[in-house]
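Worksheet for the structure shown next.
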Amino acid sequence: MNDQSCLAVVLAAGEGTRMKSNLPKVMHSVGGRPLIDAVLESARAGGAERLAVVIGAGADKVRAHLAKGGSTVQVFEQRERLGTAHAALAAREALASHKGPVLVLFGDTPLVRPATISALTDRLNAGADIALLGFETDTPTGYGRLIVNDGRLVAIVEEKDADAATKAIRLCNSGIMAFRSGLLPELLEAIGNANAKGEYYLTDAVAVGTARGLRAEAVIGDEREFVGVNDRSQLAAAEAIFQQRARAEAMAAGVTLVAPETVFFSFDTRLGRDVVVEPNVVFAPGVEVASGVVIRAFSHLEGAKVASGAIIGPYARLRPGADLAENVHVGNFVEIKNARVDPGAKVNHLTYIGDATIGARTNVGAGTITCNYDGFFKHKTVIGADVFVGSNTVMVAPVRVGDNSLTAAGSVITSDVPDGAMAFGRARQEVKEGMGSAKKAELAAKKAAAKSAT
Ligand code: UD1
Ligand code: MG
């Protein structure tokens, strides 16, 4: 086994012209995270201890993104776009200082699994000098073709340089390659640009290497892991593959998906055993749901935590910071943001809870609103335990509603309610005997007079 650390160089300097976007290609998302993050995470989980990314000149958004959270990713700039071998050379400094195998990945190929990457570096340990991931496909157009002679990989020919016989080859290059320690810099220096595009192709490392007697091998994997995102329809294709995979994994882990093809996951969605998800539910990033929770149809969850036994929806929206304890019920047309809801509390109908805490067993009536924002600042609403919040209560934050208290329906609560109190924040009802029927008679006469005048 190899005891040297592995460096992964991710090429992401391409212009992504076919995306027709103001956003750099690798910042587009699949499964709720940028393509570049997916590639880096796979490389890391697949055994790369050091990570380097090559970005295009002026790709400030990518640079800023990579710098987030004290990341240790090294960033290099490719000033001119002269091809994938030229791009890899931009990381020359990282290559020169590295002792150990080197992986090269493309920033636009987000679905490769960590195990597939480690299978590739295993080939180096087994004696290959160069190993690459290939796949067989019925739609090879656009991909480099693998040329195999007497069972040996000898070259990769790009689409633009291929004759008709080569174009008929269905064995393609994924773009993911691994090189034995110390080999890549000298191969890159030897690669020329005598091809249809006048570019320096990383893929020529195979022909250059085998001509020197090096051993190049292809590891053949599943086509669906190697979708390259060059335009919006490939982005959608990658998303579809991601979703199929996430649904299958959820079900394999004991989650019931009533209609799997209508449920959408993010890269970090975590669902416990025996969670039941009804149709048309979206898990945006940052959701954690404990076992036994039921998520009814048409609910949208993001950045939310749900404890066991809770029932969410139908038509519920949980926004970032929603933290629901055991056996909480959240019903239809309820939005919860940045709020802790304690065990057994119920918020069942047409309600907005933002920047709040709700105590255990409290019942929040239909149409309740926390007014958390005054146009400049956000304020907090604290609702105690065992409270009965009457329907259509408006709580103007900052405000505190004490334990075991009650608010009358239709109240506007602007000042604190002590424990055990009942608060009426509405005009007192007046009743005028007979006034209703008198008013109706008056209006009926007026309408009859208007009719006879025409
Ligand atoms: C490339 C491969 C092809 C493979 C396919 C798989 C080469 C020459 N061709 O073709 O064999 O089948 O990927 O998807 O490698 N990039 C740079 N700087 C450059 C050029 C490219 O950083 O000067 C980056 C791009 O951002 C991208 C990656 O390299 O992430 C691949 O470039 P792209 O133009 O998408 O190559 P393909 O035509 O897809
Ligand atoms: Mg590509």
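Start at 1 and go down the list; that is how both ligands and their atoms are numbered. Start at 1 with the first residue, then count along the sequence.
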Does any N/O atom on [X] come nearer than 3.5 Å to any N/O atom on ligand 1?
X: L202; value: no
X: N230; value: yes
X: G144; value: yes
X: D108; value: yes

May I ask you to identify the nearest protein heavy atom to [atom], giving residue, atom name and distance to one decimal place in Å?
atom: atom 30 (O) of ligand 1; answer: L11 O, 2.9 Å
atom: atom 7 (C) of ligand 1; answer: T84 OG1, 3.5 Å
atom: atom 26 (O) of ligand 1; answer: G14 N, 2.7 Å
atom: atom 4 (C) of ligand 1; answer: N173 O, 3.3 Å
atom: atom 1 (C) of ligand 1; answer: F106 CE1, 3.4 Å
atom: atom 34 (O) of ligand 1; answer: R81 NH2, 3.3 Å
atom: atom 18 (N) of ligand 1; answer: Q78 OE1, 2.7 Å
atom: atom 10 (O) of ligand 1; answer: E158 OE1, 4.1 Å

Requested in this report: Mind checking whether A12 contacts ligand 1 via backbone (N, CA, C, O), side chain (CB onward), both or neither, at a 4.0 Å heavy-atom cut-off?
Outcome: backbone

Query raised in the report: Which bit of V54 gets closer than 4.0 Å to ligand 1, counting heavy atoms only: side chain, backbone, both or neither?
Result: neither

Between [X] (side chain) and [Y] (backbone), is there a donor-acceptor pair under 3.5 Å?
X: T116; Y: V112; result: no
X: R232; Y: K20; result: yes
X: Y201; Y: T203; result: no

Query - N, O or S atom of N230 closer to the Mg ion (ligand 2) than 2.8 Å - result: yes

Report summary line: Taking only non-hydrogen atoms of A87 and a 4.0 Å limit, the atoms of ligand 1 in range are 17 (C), 18 (N), 22 (O)

Requested in this report: Mark up the atoms of ligand 1 that fall under 4.0 Å of a heavy atom belonging to G107, in ascending order.
Outcome: 30 (O)

Check whether any protein heavy atom sits under 4.0 Å from [atom].
atom: atom 13 (O) of ligand 1; answer: yes
atom: atom 23 (O) of ligand 1; answer: yes
atom: atom 36 (O) of ligand 1; answer: no

Requested in this report: Specify the closest pair of heavy atoms between H300 and A284, including all atoms of both residues, with the distance to one decimal.
Outcome: CE1-CB, 4.1 Å

**Report entry** Nearest heavy atoms of S5 and P101, plus distance in Å
**Finding:** O-CD, 3.5 Å

N-O pairing of [X] and [Y] below 4.0 Å:
X: R212; Y: E186; result: yes
X: R319; Y: E335; result: yes
X: D323; Y: K305; result: no
X: K380; Y: D355; result: no
X: R145; Y: E158; result: no

Query raised in the report: Are a donor atom and an acceptor atom from the side chains of Q244 and R224 found within less than 3.5 Å of each other?
Result: no

Query raised in the report: Would you say the side chains of N332 and H349 form a donor-acceptor pair under 3.5 Å?
Result: no

Requested in this report: Pick out which of V9, L11, L105, L66 makes a side chain to side chain contact (heavy atoms under 4.5 Å, CB included) with V53.
Outcome: L66

Report summary line: Result for side chain to side chain contact (heavy atoms under 4.5 Å, CB included) between L324 and one of V293, I358, I312 points to I312

Query raised in the report: So between S174, G228, G56, whose heavy atom ends up nearest atom 6 (C) of ligand 1?
Result: S174

Requested in this report: Can you label the angle between the F135 ring and the Y143 ring as parallel, tilted or perpendicular, going by 30° and 60°?
Outcome: perpendicular

Measuring from non-hydrogen atoms of [X] to any atom of ligand 1, is the shortest distance under 4.0 Å?
X: C172; value: no
X: H86; value: no
X: T203; value: yes

**Report entry** Which atom of D108 approaches the Mg ion (ligand 2) most closely (N/O/S)
**Finding:** OD2

